[in-house]
Structures are given as C-alpha cells and as structure tokens.
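Report on the following structure.
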Amino acid sequence: MKTEKFIKKWEEDRKKGKKRYVLISAIMMGIATGIGYTIGRLAKGNFFDMFTEYYIYMHLAYFIGGFMGGTIGGIIRWQMNEEKYENLK
C-alpha cells in the first residue's frame, strides 16, 4: 500500500515539475528556520529585543539560510524520489 501511495503522490509531484518542488521545499525550510529562531528567542524571554534592527536582519539571515538548505535538500530529495520511482515502476 505504501508503494502505491508513493507512486501516485510522486506522479502528481512530477507533473508539477522539479522547479516547483524545489522551490516549495526551500520556502518551507526557510519559514521553518525563521519560526524556529523566533521561538528560540521567545523562550529566552527576549520578546521586545526581537524588533530591533539587528534581530530583523537575523530573522532574514535565518530565513535565507533555511531557504538555501531547503533548495539543496529539495534537489537531493527529487533525485532520490526519481530513483525510487523508477525502481518501483
């Protein structure tokens, strides 16, 4: 059942294209990294410091880092899923 589900899902993702798949992965990772950074700052109790110019740049830097990591991860995942799909089909 998992195999059939993977094949069906991957065929849908393939139709949408590699660029879109990688872009969505990158955006999701960037957002997750930014939210993680924000939660970490809030856990330390530095809520009001978060709106200073320095921390706004830090949020952006974490998003960009996550975006870059998500891009690399998306490309690697695409290739792995393609190989798995070809082996299963």
Legend entry - Met80 with Leu88, same ILVMFWY side-chain cluster at under 4.5 Å: no

Legend entry - Common cluster, Ile31/Leu23, ILVMFWY with side-chain heavy-atom separation under 4.5 Å: yes

Legend entry - For Met58, all residues meeting side chain to side chain contact (heavy atoms under 4.5 Å, CB included), sequence neighbours excluded: Tyr37, Tyr54, Tyr55, Tyr62

Inset, instruction - Side-chain contact test, heavy atoms from C-beta onward, threshold under 4.5 Å: evaluate it for Phe67 versus Met29 and give yes or no. - result: no

Legend entry - Non-neighbouring partners of Glu11 that pass side chain to side chain contact (heavy atoms under 4.5 Å, CB included), sequence neighbours left out: Ile7, Tyr85, Lys89

Inset, instruction - Take atom CZ of Arg14 as the centre, draw a 6.0 Å sphere, and report whether it contains more than 12 heavy atoms from other residues, nucleotides or ligands. - result: yes

Legend entry - Least distance between heavy atoms, Ala26 atom then Thr71 atom: CB-OG1, 3.3 Å

Legend entry - Any residue meeting side chain to side chain contact (heavy atoms under 4.5 Å, CB included) with Tyr21, in chain and number order, not counting sequence neighbours: Trp10, Asp13, Ser25, Arg77, Trp78, Asn81

Legend entry - Common cluster, Ile27/Ile35, ILVMFWY with side-chain heavy-atom separation under 4.5 Å: yes

